[in-house]
Undergrad: 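My structure is below; once you've seen it, I'll send some questions.
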Amino acid sequence: MLKNYISIMRGAGLAALMLCGASLVAQTTATGVINGSLVNKNGISIQFDTDPAGVTLGAAGTNAATANFGAVSAFGPLSGGVTRPTVTAASYTVRTIFDVQVVQGGLTSTTYTLTANLAAAAPTGLNYKVDAVTLTAAAQTIQVNGAYNTAIAHNLDLVISTAAPGAGGPAVGTPITTTINFTATAN
């Protein structure tokens, strides 16, 4: 009887080990799926870059850069990157060069048109030009058929009257700022 008891106990123990082993080996899993969707939109972007021959732009590589001409006059030294291409009895011009790069994605367009305008009327005695095009508050065409993904150099001229303040000339010794809006449109 003791022998049967031991056999029964061995069998029960073996069965218990087998059941425990099965539950220890079994893994619980869960699965899931995320379905992502997007809409790929086409478009273009514009950025302004410092040209090696021009002033160092503030926030270069963005679409909202700044160009500081520094102190200017009809005669005397100018800041680095600023030139004085003309001086006449009525006015003088100071110039810097900047680069425009327009990048496109998802378009069939191979070129763009670049326009520019002043955000507000130019101060008395000053005229702004981009590539010899005089800017006003209305959009002016600067370039037609511009190539995408290429840094294209443009001249920014400031034509300053030599007339005295109050007689058609600009204020003297006062910083003057102007905002020029650029728009690139896919052709």
Undergrad: Which is it for N127 and T134 under the side-chain hydrogen bond (donor to acceptor under 3.5 Å, both in side chains) test, yes or no, and what are the steps along the way?
TA: CA-CA 7 Å; N127 285 307; T134 301; over 6 Å; no
Undergrad: Over all heavy atoms of both residues, which pair between R95 and P85 is shortest? Give the atoms and the distance, please.
TA: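 Here R95 and P85 meet closest at CZ-CG, 3.9 Å.
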Undergrad: Show every side-chain hydrogen bond (donor to acceptor under 3.5 Å, both in side chains) that has at least one partner inside residues 72-83, sequence neighbours left out.
TA: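 Pairs touching residues 72-83 that pass the test: none.
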Undergrad: Identify whether L78 and F75 are in the same connected component of the hydrophobic contact network (ILVMFWY, side-chain heavy atoms under 4.5 Å).
TA: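 Same cluster.
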Undergrad: Hey, is the main chain of G168 close enough, under 3.5 Å, to the side chain of T124 for a donor-acceptor pair?
TA: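 No.
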Undergrad: Working to the nearest 0.5 Å, report the span between CD of Q47 and OG1 of T62.
TA: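 So the gap between those two atoms works out to 8.0 Å.
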Undergrad: Do T162 and V87 come within less than 4.5 Å of each other through their side chains, counting heavy atoms only?
TA: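 The answer is no; the side chains never approach within 4.5 Å.
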Undergrad: When you measure from the side chain of D51 to the backbone N and O of A53, does any donor-acceptor pair fall under 3.5 Å?
TA: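 Judged by distance alone, yes, a pair lies under 3.5 Å.
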Undergrad: Using a 3.5 Å distance criterion without hydrogens, assess whether the side chain of Q104 forms a donor-acceptor pair with backbone atoms of V102.
TA: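 Side chain of Q104 to backbone of V102: no pair is present.
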Undergrad: F98, Y148: one ILVMFWY side-chain cluster at the under-4.5 Å cut-off?
TA: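 Both belong to a single hydrophobic cluster.
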Undergrad: Taking all heavy atoms of S161 and all of G169, pick out the closest pair and write down the distance.
TA: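 Taking S161 first and G169 second, the nearest heavy atoms are OG-CA, 4.1 Å.
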Undergrad: Do L158 and V133 belong together in a cluster built from hydrophobic side chains that touch within less than 4.5 Å?
TA: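 Same hydrophobic cluster.
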Undergrad: Rounded to the nearest 0.5 Å, what separates atom CG in N117 from atom OG1 in T141?
TA: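 Answer rounded to 0.5 Å: 11.0 Å.
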Undergrad: Please report the shortest heavy-atom distance between A60 and T50, naming the atom on each side.
TA: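 Shortest heavy-atom contact: CB-OG1, 3.7 Å.
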Undergrad: Is any side-chain heavy atom of L57 less than 4.5 Å from a side-chain heavy atom of D49?
TA: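 Result no, sub-4.5 Å side-chain heavy-atom pair not found.
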Undergrad: Looking at L126 and A122, what are the two nearest heavy atoms and their distance?
TA: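 In this case the closest contact between L126 and A122 is O-CB, 3.4 Å.
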Undergrad: For the hydrophobic clusters of this structure (ILVMFWY residues joined by side-chain heavy atoms under 4.5 Å, transitively), does one cluster hold both I176 and V82?
TA: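 Linked, I176 and V82 end up in one cluster.
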Undergrad: Within this structure, what is the NE2-CG distance for the pair H154 and D99, rounded to the nearest 0.5 Å?
TA: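 The NE2 atom of H154 sits 8.0 Å away from the CG atom of D99.
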Undergrad: Any idea which heavy atoms bring I152 and Q143 closest together, and the distance?
TA: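 Looking at all heavy atoms of both residues, the shortest contact is CD1-NE2, 3.5 Å.
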Undergrad: Side chains of S45 and N63, heavy atoms from C-beta outward: is any pair under 4.5 Å?
TA: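 When only atoms from C-beta onward are counted, N63 and S45 do not touch, as no gap falls below 4.5 Å.
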Undergrad: Any idea which heavy atoms bring P170 and P165 closest together, and the distance?
TA: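 Where P170 meets P165 most closely, the heavy atoms are O-CG, 3.3 Å.
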Undergrad: Would you indicate whether the side-chain heavy atoms of L135 and T178 approach each other to under 4.5 Å?
TA: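 T178 does not reach L135 side chain to side chain.
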Undergrad: Any donor and acceptor pair, going by atom type alone, linking the side chain of T96 with main-chain N or O of V55 inside 3.5 Å?
TA: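 Judged by distance alone, yes, a pair lies under 3.5 Å.
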Undergrad: Is there side-chain contact between Y112 and I46, with at least one heavy-atom pair below 4.5 Å?
TA: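 SC-SC contact between Y112 and I46 ruled out.
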Undergrad: Just do the side-chain hydrogen bond (donor to acceptor under 3.5 Å, both in side chains) check on T93 and T86 with the steps written out, would you?
TA: CA-CA 5 Å; T93 301; T86 59; 3.1 Å; yes
Undergrad: Starting at OG1 of T110, measure out to CG of N145 and round the result to the nearest 0.5 Å.
TA: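 It comes to 7.5 Å.
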Undergrad: Between atom OG of S109 and atom CG of N42, what is the distance when rounded to the nearest 0.5 Å?
TA: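 The CG atom of N42 is 10.0 Å from OG of S109, to the nearest 0.5 Å.
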Undergrad: How many angstroms lie between atom CZ of F69 and atom CG of D157, to the nearest 0.5 angstrom?
TA: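 Answer for the CZ-CG pair, F69 versus D157, is 7.5 Å.
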Undergrad: Do F182 and L114 come within less than 4.5 Å of each other through their side chains, counting heavy atoms only?
TA: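 Result yes, sub-4.5 Å side-chain heavy-atom pair found.
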Undergrad: Do L156 and V159 share a hydrophobic cluster, counting only Ile, Leu, Val, Met, Phe, Trp and Tyr and linking them when any side-chain heavy atoms are less than 4.5 Å apart?
TA: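 Each belongs to a different hydrophobic cluster.
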Undergrad: Show your working on side chain to side chain contact (heavy atoms under 4.5 Å, CB included) between L118 and I180 and close with a plain yes or no.
TA: CA-CA 5 Å; L118 298 176; I180 302 172; 3.8 Å; yes
Undergrad: Are the side chains of V100 and F48 in contact, using a 4.5 Å heavy-atom criterion?
TA: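 Yes; the side chains approach each other to less than 4.5 Å.
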